[in-house]
Amino acid sequence: MSEEKVKIDQDECIGCEACVEICPKVFGFDEEEGKAYVIDGANSDEECVDEAVASCPAGCIRKE
Ligand code: SF4
């Protein structure tokens, strides 16, 4: 298991919800802010995280 954590730069997020659709176990959507967020305690190693990183049109999801 890696030590990497997935993060979203919310300043860059355009609220397209692609990540939420691709990986709902890890990404939630804040309707008020119109931004996605990483669910507390979510498993950053889920395969769908990498898919979401690749699919984010704003390029604002990263693992570090
Ligand atoms: S895919 Fe990227 S731009 Fe779209 S909601 Fe998720 S973090 Fe925001």
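Indexing begins at 1, ligand by ligand and atom by atom, following the structure's order.
When hydrogens are left out, the protein atom nearest atom 3 (S) of ligand 1 is Ile14 N, 3.4 Å; that is the closest non-hydrogen contact. Given atom 5 (S) of ligand 1, the protein heavy atom at minimum distance is Glu17 N, 3.2 Å. From the protein, the heavy atom lying nearest to atom 2 (Fe) of ligand 1 is Cys56 SG, 2.3 Å. The nearest heavy-atom contact from the protein to atom 8 (Fe) of ligand 1 is Cys13 SG, 2.3 Å.
Here Cys16 meets the criterion, with an N, O or S atom under 2.8 Å of atom 4 (Fe) of ligand 1. When distances to atom 6 (Fe) of ligand 1 are checked against a cut-off of 2.8 Å, Cys19 contributes an N, O or S atom below that limit.
You'll find the side chain of Cys23 stays beyond 4.5 Å of the side chain of Cys19, heavy atoms only. Looking only at side-chain heavy atoms (C-beta outward), Glu4 and Ser44 stay at 4.5 Å or farther from each other.
Here the closest non-hydrogen pair linking Ala42 and Lys25 is CB-O, 3.9 Å.
Grouped by direct or indirect side-chain proximity (heavy atoms under 4.5 Å, Ile/Leu/Val/Met/Phe/Trp/Tyr only), Val53 sits with Val6, Ile8, Val20, Val26, Phe27, Phe29, Val38, Val49, Ile61.
For ligand 1, the atoms sitting less than 4.0 Å from at least one non-hydrogen atom of Cys60 are 2 (Fe), 7 (S), numbered in the order shown with element in parentheses. Less than 4.0 angstrom separates some heavy atom of Ala36 from each of these atoms of ligand 1: 5 (S), 6 (Fe).
Checked for salt-bridge contact, Asp50 and Lys63 meet the test: a charged N lies under 4.0 Å from a carboxylate O. Using a cutoff of 4.0 Å between basic side-chain nitrogens and carboxylate oxygens, Lys7 and Glu64 are scored as salt-bridged.
Going from atom SG of Cys16 over to atom NZ of Lys35 covers 11.0 Å, rounded to the nearest 0.5 Å.
Within the 4.0 Å heavy-atom criterion, the part of Ile61 lying near ligand 1 is the side chain and not the backbone.
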